[in-house]
Peer 1: 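Handing you this structure, nothing more for now.
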Amino acid sequence: MARELLGLHLVRVRRTPTGPIEQVGRIVETEAYLGPDDLAAHSARGRRTPRTETMFGPPGHAYVYLIYGVHHCLNFVTAERDVPQAVLIRALEPIANLVGRTSGPGLLCKSLDIDRSHDALDLLGDELFVVRPTGQRPVELGAGPRIGVEYAGAWAKKPWRLLDQSSTFISRPLPKAGSRSSRRRVRG
DNA sequence: GGCACGATTGCT
DNA sequence: GCAATCGTGCCT
């Protein structure tokens, strides 16, 4: 799903006093979180709490959480009920009605005005959803380790951060080949 | 009730 | 390099 979402358009419909505004961004960076095995996931070891409950719910819903007491992060729940997997949306390329930066999970939520009140929102509804654009620009697939999960040991090394290398709106470049974070463990 | 800390960002 | 800022998870 993290791969499939790249290149699709995320649509956010905001109701305003003067009528609805449709914000659109092309998804250019995602990360996969495959709990309960994945120790980098909030649902690691099957941890099921009020916060992570949405991850255990049906797919096609938003999982939104507050990080560092400051920013919100938007995820799509991707697996069947009771299988706590999700895809973090990390960066958008502005297509329509987007003001402010959209490169980075916290910035993206700020620009789309998404917060905890949107947790568990149905992504098949009319407020937040994805569409496949016509004449879709091809995705130049890149992969690297996920950001900010150093604590997850071997799981932190998995190349589950996916992005479109042709986009200038990714949150940060992939680590250079040969750098510590991209080097493969080789048996000696 | 206490306390350590985070799937980030911005400023020094 | 590090502070901001607070909900969450886990312990007592």
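Quick note on labels: first sequence line is chain A, next is B, and so on, each numbered from 1.
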Peer 1: Grab the CZ-P distance between A:Arg45 and C:dT8 for me, whole Å please.
Peer 2: 20 Å

Peer 1: At less than 4.0 Å, is any side-chain N or O atom of A:Arg51 found next to OP1 or OP2 of C:dG9? Yes or no.
Peer 2: yes

Peer 1: For A:Asp164, does its backbone N or O pair with a side-chain atom of A:Ser167 as donor and acceptor, under 3.5 Å?
Peer 2: no

Peer 1: Consider the side chain of A:Leu66, meaning its heavy atoms from C-beta on, and name the nucleotide among C:dG9, B:dA7, C:dC6 that approaches it most closely.
Peer 2: C:dC6

Peer 1: Give the rounded distance in Å between these two atoms: CD of A:Gln85 and C1' of B:dA7.
Peer 2: 15 Å

Peer 1: Over how many whole Å does the gap from A:Tyr63 atom OH to B:dA7 atom P extend?
Peer 2: 9 Å

Peer 1: In whole Å, I'd like the distance from the CD1 atom of A:Ile114 to the C1' atom of B:dA7.
Peer 2: 16 Å

Peer 1: Would you say a side-chain N or O of A:Tyr151 is under 4.0 Å from OP1 or OP2 of B:dC5?
Peer 2: no

Peer 1: Which nucleotide in the list C:dG9, B:dA7, B:dT8 gets nearest to the side chain of A:Tyr68?
Peer 2: B:dT8

Peer 1: Has A:His61 got a side-chain atom pairing as donor or acceptor with A:Ala120's backbone, closer than 3.5 angstrom?
Peer 2: yes

Peer 1: Considering Watson-Crick and G-U wobble pairs with both distances under 3.5 Å, what does B:dG2 pair with?
Peer 2: C:dC10

Peer 1: For B:dT8, does either OP1 or OP2 sit under 4.0 Å from a side-chain N or O belonging to A:Arg172?
Peer 2: no

Peer 1: Would you indicate which nucleotide in B:dG10, C:dG9, B:dT8 comes nearest to any side-chain atom of A:Arg101?
Peer 2: B:dG10

Peer 1: Report the distance from atom NZ of A:Lys158 to atom C1' of B:dA7, rounded to the nearest whole Å.
Peer 2: 17 Å

Peer 1: As a test of reading the structure: which of C:dG7, B:dT9, B:dA7 is closest to the side chain of A:Leu88, going by heavy atoms?
Peer 2: B:dA7

Peer 1: Using the ring of A:Tyr63 (Phe, Tyr or Trp, six-membered ring only), decide whether A:Arg51 places NZ or CZ under 6.0 Å from its centre and within 45 degrees of its axis.
Peer 2: no

Peer 1: Per the side chain to side chain contact (heavy atoms under 4.5 Å, CB included) rule, which among A:Val64, A:Asn75, A:Val77 passes with A:Thr54?
Peer 2: A:Val77

Peer 1: Base, sugar-phosphate or nothing for A:Val149? Non-hydrogen atoms, less than 4.0 Å.
Peer 2: sugar-phosphate

Peer 1: So does A:Arg116 get a side-chain nitrogen or oxygen closer than 4.0 Å to the phosphate oxygens (OP1/OP2) of C:dC6?
Peer 2: no

Peer 1: Hey, do the aromatic rings of A:Tyr65 and A:His42 have their centres closer than 6.0 Å?
Peer 2: yes

Peer 1: Okay, side chain of A:Ser111, backbone of A:Val99: is any donor-acceptor separation there less than 3.5 Å?
Peer 2: yes

Peer 1: Where the side chain of A:Val70 is concerned, which of B:dA7, B:dT9, C:dA4 is the nearest nucleotide?
Peer 2: C:dA4

Peer 1: Think A:His71 has a side-chain N or O under 4.0 angstrom from the OP1 or OP2 of B:dT9?
Peer 2: no

Peer 1: Would you mind reading off the distance between A:Asp119 atom CG and B:dA7 atom C1', rounded to a whole angstrom?
Peer 2: 15 Å

Peer 1: Check the phosphate of C:dG9 against A:Arg48, side-chain N and O only, distance under 4.0 Å to OP1 or OP2. Yes or no?
Peer 2: no

Peer 1: Look at the side chain of A:Cys73 and decide which nucleotide, out of C:dT8, B:dT8, C:dT5, has an atom nearest to it.
Peer 2: B:dT8

Peer 1: In whole Å, I'd like the distance from the OH atom of A:Tyr65 to the C1' atom of C:dT8.
Peer 2: 13 Å

Peer 1: Under a 3.5 Å limit for both distances, which nucleotide forms a Watson-Crick or G-U wobble pair with C:dT5, could you say?
Peer 2: none

Peer 1: What is the separation between atom CG on A:Leu39 and atom P on B:dG6, rounded to the nearest whole Å?
Peer 2: 14 Å

